[in-house]
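First up is the structure itself, then whatever we jot down about it.
Counting from 1, the numbers follow the sequence of the chain as shown. Values below: every heavy atom of this structure, side chains too, minus hydrogens, waters and symmetry copies.
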Amino acid sequence: MMLRAEEQKCTHLPEPQVTPRSKTCEACGSRFNLRMCADCGYVGCCESQRGHNREHAFSSGHPVIKSLPLRNGSFTWCYRCNRYV
């Protein structure tokens, strides 16, 4: 089933883009599989660890994360749309 263009566009992407606040997970100190909140720059570990990025997304209302380090090939995920954007 094909989605219409307006259904494919994520409306949760914040502007302007922010930078990471930390080089480690701000909750547990992990240095691996880090994600950054696209709204405020919070850095948390991914769900394959303790899921601090997901916890932050739901508690703060900031649904969009970016994989770290930020570079070509990094992904952006929206928890509200439940997909890559």
Give the intermediate values and the outcome of side chain to side chain contact (heavy atoms under 4.5 Å, CB included) for residues L70 and M36. CA-CA 9 Å; L70 298 174; M36 178 193 76; 4.1 Å; yes

With side chain to side chain contact (heavy atoms under 4.5 Å, CB included) as the test, would you mind laying out the steps for H52 and E26 before giving the verdict? CA-CA 8 Å; H52 290 122; E26 294 181 49; over 6 Å; no

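- Qualifying side chain to side chain donor-acceptor pair (under 3.5 Å) partners for T76, counting only residues two or more places apart in sequence or in other chains: K66.
- The shortest distance between side-chain heavy atoms of C28 and C45 falls below 4.5 Å.
- When all heavy atoms of G29 and T24 are compared, the pair lying nearest together is O-CB, 3.6 Å.
- With a 6.0 Å radius and a threshold of 12 heavy atoms from other residues, nucleotides or ligands, F32 has its CZ atom at or below the threshold.
- Across every non-hydrogen atom of V18 and C37, the tightest pair is CG2-O, 3.5 Å.
- Distance SG/C25 to CG/L34: 7.0 Å, rounded to 0.5 Å.
- V64 approaches H12 most closely through the heavy-atom pair CG2-O, 3.5 Å.
- Side chain of S67 to backbone of F75: a donor-acceptor contact under 3.5 angstrom is found.
- Panel note: side chain R35, backbone G51; no donor-acceptor pair is recorded below 3.5 Å.
- Taking the six-membered ring for Trp and thresholds of 30 and 60 degrees, Y42 and H56 have nearly parallel ring planes, at less than 30 degrees apart.
- Of all the heavy atoms in P63 and R80, the pair that sits closest is CB-CG, 3.7 Å.
- Atom CZ of R31 sits about 8.5 Å away from atom OG of S22, to the nearest 0.5 Å.
- Both Y84 and I65 are assigned to one and the same hydrophobic cluster, defined by single-linkage of ILVMFWY side chains at heavy-atom distances under 4.5 Å.
- When side chains are defined from C-beta on, S30 does not count as touching R50, because their heavy atoms never get closer than 4.5 Å.
- The minimum heavy-atom distance between R54 and E47, with the atom names listed, is CB-OE2, 3.2 Å.
- The minimum heavy-atom distance linking C46 with N53 is given by the pair CA-OD1, 3.3 Å.
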